[in-house]
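Keep in mind that the numbers below use all heavy atoms, side chains included, and drop hydrogens, waters and symmetry copies. For reference, positions follow the sequence shown, starting with 1. All values reported here derive from a predicted model rather than from experimental measurement.
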Amino acid sequence: MAPKNPPANTPSNERLTAAIIVISDRAYSGERPDAAGPAAAQLFESHNVDVRESVVIPENKEAITNALTSAQEQGHDIILTAGGTGLKPNNVTPEVTRPFIDTELPALAMHIFCEGVKNSPRAGLTRGLVGVTSRDETAALIINAPGSVGGVTDTITVIGPLLPSIFEQLGKHI
């Protein structure tokens, strides 16, 4: 007798996968160590997410586009960018991210802002986006976080507990 497939609403033991893209000229050049990427990886692990890729790239449109494209092509469920969300001329992460997003989740971005501003008034200067690449089980959740340990902590503190609900609505049961 063939084994039965679990009902569609039965959670699987499959873990979500994530790519972390740290966008920082100073970390890329070696001027300072990347602290945001390791912090994000540790926080994701606490939410049962496997970080399969973590890269540090410079702050420019081409590098960000290439990294987002690569992460999406590799089929990661979550793509977190850390950095490039401020007001400096080379802070273009949200502008480069927008074409990758099919559906923005502005309430989640606002929730992240509210968490961040409790910890630092500078959180009000970030312009990060949150959204999904499609509205089905193939979707990736893309999140733009500030490039600091505090910024990724605030972001994953908000997003982490919501991951099961987000992916359930997209048809992927975890």
Rounded to the nearest 0.5 Å, what's the gap from [atom1] on [X] to [atom2] on [Y]? Could you check?
X	Y	atom1	atom2	value
I23	D34	CD1	CG	11.5 Å
H76	I142	NE2	CD1	12.0 Å
R127	T93	CZ	OG1	8.0 Å
T65	F100	OG1	CZ	5.5 Å

Among D136, T138, D77, the one residue meeting side chain to side chain donor-acceptor pair (under 3.5 Å) with K172: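 The side chain to side chain donor-acceptor pair (under 3.5 Å) with K172 is passed solely by D77 among D136, T138, D77.
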
Looking only at heavy atoms, which two atoms of [X] and [Y] are closest? And how far apart?
X	Y	answer
R135	L170	CA-CD2, 3.7 Å
I20	A40	CD1-CB, 3.7 Å
G151	A145	O-CB, 4.4 Å
G84	E59	CA-OE1, 4.2 Å
V149	A36	CG2-N, 4.2 Å
I143	I159	CD1-CG2, 3.8 Å

Hey, are the side chains of [X] and [Y] touching, using non-hydrogen atoms and a 4.5 Å cut-off?
X	Y	value
I166	L108	yes
I156	L80	yes
E45	V51	no
I64	I57	yes
T153	E115	no
F167	I78	yes

Over 12 foreign heavy atoms within 6.0 Å of CD, Q42: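 At most 12 heavy atoms, drawn from other residues, nucleotides or ligands, come within 6.0 Å of this atom.
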
OH/Y28: more than 12 non-hydrogen atoms of other groups inside 6.0 Å: no

Test item: side-chain donor near acceptor, S148 and R122, under 3.5 Å: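 No.
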
Donor + acceptor pair across side chains of N144, T81 (<3.5 Å): yes

Quick check: is [Y] connected to [X] through a chain of hydrophobic side chains (ILVMFWY, heavy atoms under 4.5 Å apart)?
X	Y	result
L125	V117	no
V158	V49	yes
V55	V92	yes
L68	V22	no
L141	L43	yes

Ion pair R98/E95, N-O distance below 4.0 Å: no

Working for side-chain hydrogen bond (donor to acceptor under 3.5 Å, both in side chains), residues Q74 and S70: CA-CA 6 Å; Q74 291 178 40; S70 175; 2.8 Å; yes

Flag, side chain of T85 to backbone of G128, donor-acceptor distance under 3.5 Å: no

Short side-chain to backbone donor-acceptor contact, R52 and A18, under 3.5 Å: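 No.
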
